[in-house]
Amino acid sequence: MPKLDESLLTGLPPFSQLNRAQIREILDQAGSRRYEEGTAIFREGHDAESFFLLLDGYLRVVRTTQGGDQIIVLHISPGQLFGIAPALQRDTYPATAIAAAESIALSWSARVWSDFTARYPGFATESYKTLGQRLGQIQETLTEMATQAVEKRVACAVLRMANQSGRKTPNGIEIAFPVTRQNVSDMTGTTLHTVSRLLSAWQRDGIVESTRKHIVVTDPHALVLLSEQ
DNA sequence: ACATTAAGGTTAT
DNA sequence: ATAACCTTAATGT
């Protein structure tokens with residue numbers, strides 16, 4: 001196991017209030033691992049042996065329905081904790097985490113969770129804060145799915161990815177990880193065909209540029225308007 | 001207003 | 001060459 005540098009965690013919200021020695025303690029208990037694109041970090045229903053911090057890359061958090069088709073619940077960006085089932089009374093993971101791009105994550109045994117929250121100031125509050133934010137985002141997209149038209153839902157989904165992971169390019173904001181039309185339909189409750197048609201139409205109107213697994217938002221303002229209609 | 005079906009085209013490996 | 005991904009049109013609810 002390579003020796004991990006303290007700079008990996010300094011500045012990240014869950015650890016922002018901790019001193020160097022405390023971060024050292026935490027890192028010495030961590031494992032680190034690289035995940036290729038498409039690899040599962042953990043699976044829905046499995047024993048929650050560990051919790052994680054994403055250092056680099058992007059994850060899809062996915063749930064499979066009774067019917068067998070999967071829906072994308074949310075994405076995880078670098079610096080975020082995930083798989084924090086131990087945070088409250090869960091011994092299995094509620095969803096599956098899949099690397100959307102090549103990713104690197106730290107992991108800790110679930111057993112040390114209570115230790116962390118007790119010993120390190122700010123860790124617990126920050127964790128529950130992100131937990132709350134995620135819950136809010138999930139029920140927001142949930143009501144959006146139930147009430148809004150497809151074009152608006154897809155516009156919102158694309159905007160969320162751009163806001164979360166967007167990097168500026170000469171042409172606009174580029175989503176930083178590979179996304180297929182199927183992926184977008186899995187997060188909006190529609191079909192890949194509809195997503196394809198919408199992206200084609202938006203491309204004609206100069207709102208996005210998309211090639212396979214790749215979306216650039218060239219006119220964010222126009223997309224925001226679509227998401228608000 | 002959207003899904004489904006079907007058929008064909010393109011791109012990565 | 002094959003599979004994965006994307007497009008478009010026609011038809012159905």
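Every chain is numbered from 1 and lettered A, B, ... according to where its sequence line falls, protein lines coming before strand lines.
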**Student:** Do NZ/NE/NH1/NH2 and the carboxylate oxygens of A/Arg167 and A/Glu174 come within less than 4.0 Å?
**Tutor:** yes
**Student:** A/Phe42 and A/Phe52: aromatic ring centres closer than 6.0 Å?
**Tutor:** yes
**Student:** How many Å lie between CG on A/Asp186 and P on B/dA3, as a whole number?
**Tutor:**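 After rounding, the gap between these two atoms is 13 Å.
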**Student:** Can you tell whether the side chains of A/Glu140 and A/Arg160 come within less than 4.0 Å, N to carboxylate O?
**Tutor:**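 Here A/Glu140 does not pair with A/Arg160 in a salt bridge, since their nearest N and O are not under 4.0 Å apart.
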**Student:** Do A/Glu37 and A/Pro178 come close enough that some side-chain heavy atom pair is under 4.5 Å?
**Tutor:**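 They are in contact (side-chain heavy atoms under 4.5 Å apart), so the answer is yes.
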**Student:** Step by step, work out the salt bridge (charged side-chain N to carboxylate O under 4.0 Å, His left out) result for A/Arg20 and A/Glu6.
**Tutor:** CA-CA 7 Å; A/Arg20 205 169 178 79; A/Glu6 287 122 33; 2.8 Å; yes
**Student:** Expressed as a whole number of angstroms, how long is the span from A/Arg181:CZ to B/dT10:C1'?
**Tutor:** 12 Å
**Student:** Could you tell me how far apart A/Gln182 (CD) and C/dT7 (P) are, to the nearest whole angstrom?
**Tutor:**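 Distance check: A/Gln182 CD to C/dT7 P gives 14 Å.
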**Student:** Between the protein and nucleotides 11-13 of chain B, which nitrogen or oxygen pairs are less than 3.5 angstrom apart?
**Tutor:**
none

**Student:** Side-chain donor-acceptor pair under 3.5 Å between A/Thr194 and A/Thr191, yes or no?
**Tutor:**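 Side chains of A/Thr194 and A/Thr191: pair found under 3.5 Å.
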**Student:** If you measure only the distance, is there a donor-acceptor pair under 3.5 Å linking the side chains of A/Arg90 and A/Thr92?
**Tutor:** yes
**Student:** Find the distance A/Lys213:NZ to C/dA3:P and express it as a whole number of Å.
**Tutor:** 16 Å
**Student:** More than 12 heavy atoms of other residues, nucleotides or ligands under 6.0 Å from CZ of A/Arg111: is that the case?
**Tutor:** no
**Student:** Using a strict heavy-atom distance below 4.0 Å, which residues from residues 190-208 of chain A are in contact with DNA chain C?
**Tutor:** A/His193, A/Ser196, A/Arg197, A/Ser200
